[in-house]
Amino acid sequence: MFDRPSHGERAVLVHVGIGHSPGPDAETEFNALALSAGAEIAGSLTATLRQVNPRFLIGTGKVEELRQLLHDTCAEIVLIDHRLSPAQQRNLEKTLDRRVIDRTGLILDIFAQRARTHEGKLQVELAQMEHLATRLVRGWTHLERQKGGIGLRGPGETQLETDRRLIGARIRSLGERLARVSQQRRTAGQKRRKEQVPTVSLVGYTNAGKSTLFNLLTSAGVLVADQLFATLDPTLRRVTLPDGTGIVLADTVGFIRDLPHELVAAFRSTLEETRHSRLLLHVIDSSDPAHEERIHDVVKVLEEIGADHLPRVQVYNKADILGVPPRVDRAETGVATRVWLSSRTGLGVDALLGVIAEYLHIALLRCTVEVSAAEARVRARLYEIGAVTAERLRDDGGWELDLELDRRGFDDLNRREHLRVLPGRSSERLPEQVPARPALGR
């Protein structure tokens with residue numbers, strides 16, 4: 001049985017395409033992931049597969065080619081740009097006599113290096129434990145049963161069973177601790193919403209310039225680096241808009257193609273800020289030739305965390321690289337849809353602040369709904385999203401709730417909960433009632 005080496009950073013990268021060759025953008029991104037993890041790239045190999053080899057993922061001929069490349073480059077790690085099953089990873093490690101890490105394991109390692117807060121470290125450890133729980137069958141040479149003793153005689157447990165039990169207990173412990181942290185975060189968010197302080201979240205593909213823009217708007221001093229996942233832990237700062245409105249601006253972790261499901265699940269509490277935001281600013285690297293594909297990847301993650309229904313403004317960053325002047329693109333209704341700016345030079349940022357102020361007043365619906373005593377769950381949901389501004393108890397034990405939320409959020413909630421709006425008790429501020437703001441910034 002192969003004992004897994006515990007050191008070595010020289011890596012050979014394997015770019016995998018199934019049904020097609022891996023594109024240059026995908027290869028460049030995986031190279032950046034490897035460098036972000038601290039690997040020294042010693043060589044690379046491209047594998048175009050017509051079908052997946054259930055034993056190795058790649059074909060046996062490619063495995064032999066990879067073995068020779070490892071020998072020639074003296075590399076200690078193999079990084080594969082695809083998700084491996086536990087059996088595939090074990091078989092490759094035994095055959096190549098090297099550590100083999102798939103895309104999920106590599107991203108988890110980067111997150112483990114970047115987590116700084118207590119919550120971030122808990123989330124990363126939970127994701128790592130859940131990933132490890134499916135891979136305990138590899139790398140062990142001492143799976144014999146434990147010896148008995150007084151009061152312990154019998155078949156005992158294998159080392160593998162012991163590890164699974166310990167990891168299961170650790171996963172439960174981490175889940176409970178994260179639940180408490182998540183509750184604290186929700187309580188803080190509810191307090192802000194009750195105080196009518198709206199949250200605006202920056203979302204986008206990793207390395208699109210979110211942290212640079214966040215620092216420009218808030219002077220927060222968040223780490224900015226030309227690498228993937230430079231910042232991991234969320235940061236919240238108050239910002240005052242040109243019309244005097246105070247908001248909380250949230251900088252979130254960057255998304256990426258094929259973001260591991262373990263991370264999406266573990267970071268759900270962190271992404272709670274995104275789900276309860278009044279507005280999402282989708283930061284896009286306009287100089288990236290594959291930015292359309294990146295937009296699709298971000299929307300996919302927003303769907304996974306339940307935030308795809310929120311209003312979004314696309315912020316096309318790095319417009320100065322393309323030579324595009326700062327501007328605001330609007331729909332036929334006059335609603336802003338895109339803002340072109342440069343977070344490096346600051347051009348167009350004032351226009352973005354103006355657009356945020358517009359969205360906080362556009363289609364803001366105020367209404368009164370009737371909730372029966374049997375619908376306490378609906379009442380709790382309305383409080384959870386911070387939509388309730390006042391409440392009155394009815395004679396039948398139900399409630400009348402005064403709500404204030406954006407039109408899209410109301411429509412989405414109404415489709416699921418079938419709210420009963422009291423006639424004559426609703427109003428809506430339409431886009432044409434909002435004063436026009438200048439399109440250009442400083």
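Everything quoted here is computed from the prediction, not taken from an experiment. Hydrogens, waters and symmetry mates are skipped; everything else that's a heavy atom, side chains included, is used.
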- prompt: In Å, rounded to the nearest 0.5 Å, how long is the span from CG of Asp285 to NZ of Lys210?
  reply: 11.0 Å
message: For Arg330, is there an ion pair with Glu358 - N to carboxylate O distance below 4.0 angstrom?
response: yes
task: For the residue pair Asp243 and Thr245, confirm or rule out a side-chain donor-acceptor distance under 3.5 Å.
output: yes
message: Any heavy-atom pair between the side chains of Asp297 and Glu293 that's under 4.5 Å?
response: yes
Where Val339 and Gly348 come nearest, the two heavy atoms and their spacing: CG1-O, 4.2 Å
- prompt: Is the Phe30 ring parallel, tilted or perpendicular to the His15 ring (thresholds 30°, 60°)?
  reply: perpendicular
field: Spacing of CG belonging to Asp81 relative to CG belonging to Leu13, to within rounding of 0.5 Å
entry: 8.0 Å
query: When rounded to the nearest 0.5 angstrom, what distance separates CD1 in Ile247 from CG in Leu279?
result: 8.5 Å
message: Using a 3.5 Å distance criterion without hydrogens, assess whether the side chain of Gln88 forms a donor-acceptor pair with backbone atoms of Phe56.
response: no
side-chain contact (heavy atoms from CB on, under 4.5 Å) assessment of Asp320 paired with Arg344: CA-CA 9 Å; Asp320 55 321; Arg344 183 179 63 86; 2.5 Å; yes
message: Asn53 vs Thr60, test: side chain to side chain donor-acceptor pair (under 3.5 Å). Steps then yes/no.
response: CA-CA 8 Å; Asn53 183 331; Thr60 54; 5.6 Å; no
- prompt: Is the shortest heavy-atom distance from the side chain of His282 to the side chain of Val313 under 4.5 Å?
  reply: no
task: Using modelled atom types only, decide if a donor and an acceptor are shared between the side chain of Arg67 and the backbone of Thr95 within a distance under 3.5 Å.
output: yes
query: So, Asp109 side chain and Gly105 main chain: donor-acceptor pair closer than 3.5 Å or not?
result: no
message: Do the side chains of Glu29 and Arg103 get close enough for a salt bridge, i.e. N-O under 4.0 angstrom?
response: yes
field: Pairwise side-chain contact, Trp340 with Asp329, heavy-atom cut-off 4.5 Å (strictly under)
entry: yes
field: Sub-4.5 Å side-chain heavy-atom contact between Val12 and Leu66
entry: yes
Exercise: do Asn317 and Ser343 side chains pair donor with acceptor under 3.5 Å: yes
Minimum-distance pair of heavy atoms, taken over all atoms of Ala250 and Thr199: CB-CG2, 4.4 Å
message: Please check if the number of heavy atoms outside Arg416 that lie under 6.0 Å from its CZ is greater than 12.
response: yes
task: Could you please spell out the steps behind the side chain to side chain donor-acceptor pair (under 3.5 Å) verdict for Asn31 and Glu27?
output: CA-CA 6 Å; Asn31 289 348; Glu27 293 184 7; over 6 Å; no
- request: Compare all side-chain heavy atoms of Leu174 with those of Met129 and state whether any distance is below 4.5 angstrom.
  value: yes
field: side-chain contact (heavy atoms from CB on, under 4.5 Å) assessment of Ile284 paired with Val315
entry: CA-CA 6 Å; Ile284 300 162; Val315 180; over 6 Å; no
Min side-chain heavy-atom separation Leu217-Leu249 under 4.5 Å: yes
- request: Give, for atom OH of Tyr359 and atom CZ of Arg312, the distance between the pair rounded to the nearest 0.5 Å.
  value: 10.5 Å
task: Tell me, with the steps shown, if Arg98 and Ile77 meet side-chain contact (heavy atoms from CB on, under 4.5 Å).
output: CA-CA 6 Å; Arg98 297 291 193 281; Ile77 315 175; over 6 Å; no
task: State whether Glu40 and Arg10 are salt-bridged, where the test is any N-O pair (Lys NZ or Arg NE/NH1/NH2 against Asp/Glu carboxylate O) under 4.0 Å.
output: yes
- request: Mind checking the CG-CD1 spacing from Leu84 to Ile101? Nearest 0.5 Å is all I need.
  value: 10.5 Å
message: Run the salt bridge (Lys or Arg N to Asp or Glu O under 4.0 Å) test on Arg83 and Asp102 for me, step by step, so that the C-alpha distance in whole Å, both residues' side-chain angles and the decisive distance to 0.1 Å come before the verdict.
response: CA-CA 5 Å; Arg83 191 177 184 111; Asp102 66 358; 5.4 Å; no
query: Can you find a pair of side-chain heavy atoms, one from Ile80 and one from Gln89, that are under 4.5 Å apart?
result: no
task: State, yes or no, whether a side-chain contact exists between Leu352 and Leu281 at a heavy-atom distance under 4.5 Å.
output: yes
- request: Can you see which heavy atom on Asp25 is nearest to which on Ala290, and at what distance?
  value: OD2-CB, 3.3 Å
- prompt: Are Glu65 and Lys62 ion-paired here, with the side-chain N under 4.0 Å from a carboxylate O?
  reply: yes
field: Nearest atoms (heavy-atom pairs only) where Leu353 meets Pro242
entry: CB-CD, 3.7 Å
- prompt: If you round to the nearest 0.5 Å, how far is OH of Tyr205 from CD1 of Ile295?
  reply: 12.0 Å
query: Shortest non-hydrogen contact from Leu106 to Ala37?
result: CD1-CB, 3.6 Å
task: Would you name the heavy atoms of Leu96 and Val63 that are closest together and state the gap between them?
output: CD2-O, 3.8 Å
- request: Step by step, work out the side-chain contact (heavy atoms from CB on, under 4.5 Å) result for Leu302 and Leu280.
  value: CA-CA 10 Å; Leu302 290 175; Leu280 301 182; 4.1 Å; yes
